[in-house]
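Numbers here simply count residues along the sequence, with the first being 1. Please read all numbers here as calculations on a predicted model, not as lab measurements.
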Amino acid sequence: MKKLLILFLTCFLLFPAFSDNSDLIKHNPWELMIYRPQNNGELNTVRCWIRITDMEDNDVTYTAVKATYEWVDIPDVINYYKSTYYLSGGMSMHLNIKPGKYKIRVYTPPEKQNFFPCENKETWESNVFYYDTENPTKVIFVTPTSNTNGFYNGGWWIDYKAPKYVKKRALPHITE
């Protein structure tokens, strides 16, 4: 009887299919997806670069993070960045982040704005998004800012909520 119990426990531990928890899908807290939805054609070509700092504002973009990307129109085809981490319209960045607390920002320097007409001719900066691997967000969104008339005014906004125009498209992987 004792041998049978040991055999059962060994199988239970070695083969998780026997356990009730095998069907649970758990989010890896060190993985974050940053999605930049498509906008108009001109703005889609303007890249924004990611900057990740620790809580003391030390740049850890390339030391604490590994990134890949995919185009939303071509899902499940993983691409590897060759040098810098950026987003264009319609791209999704997948970050593998070392445990810790971070500040995430995106920016576009004036020389990389592709002569896009807007009010702000300086560096386009985003707000700061605080990310903690102990209390993780799965997806954050990067969208361009606009003025009260709805025209792009040269900036970026990072949020954990999808913009209304993304929700309307009813993308299956985007939830409120």
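- Between W124 and Y152 the shortest side-chain heavy-atom distance does not fall below 4.5 Å.
- Although no hydrogens or angles enter the test, the distance criterion places no donor-acceptor pair under 3.5 Å between the side chain of S92 and the main chain of Y35.
- V65 and Y130 fall into different hydrophobic clusters, defined by Ile, Leu, Val, Met, Phe, Trp and Tyr side-chain heavy atoms under 4.5 Å apart, directly or through other members.
- Closest non-hydrogen pair, I50 versus I34, comes out as CD1-CD1, 3.3 Å.
- The existence of a salt bridge linking D54 and K98 is excluded, since no basic side-chain nitrogen approaches an acidic carboxylate oxygen closer than 4.0 Å.
- Within the 4.5 Å cutoff, no side-chain heavy atoms of W71 are placed close to those of V77.
- Of all heavy-atom pairs spanning P163 and T143, the tightest one is CG-CG2, 3.2 Å.
- Using a 30° and 60° split on the angle between ring planes, Y86 and Y69 fall in the tilted class, from 30° to 60°.
- For Q113 (side chain) and E122 (main-chain N/O), a donor-acceptor pair under 3.5 Å exists by modelled atom type.
- Less than 6.0 angstrom separates the ring centroid of Y62 from the ring centroid of Y85.
- Of all non-hydrogen atoms in T84 and Y81, the two that sit nearest each other are O-CD2, 3.1 Å.
- The two residues I140 and L32 have their closest heavy-atom pair at CD1-CD2, 4.1 Å.
- The residue from I52, D57, V60 that alone fulfils the side-chain contact (heavy atoms from CB on, under 4.5 Å) condition with K103 is D57.
- Neither W157 nor Y131 shares a network with the other; the hydrophobic side chains, linked directly or stepwise wherever heavy atoms of I, L, V, M, F, W or Y lie under 4.5 Å apart, form separate groups for each.
- I74 and M91 end up in the same hydrophobic cluster when Ile, Leu, Val, Met, Phe, Trp and Tyr side chains are linked at under 4.5 Å.
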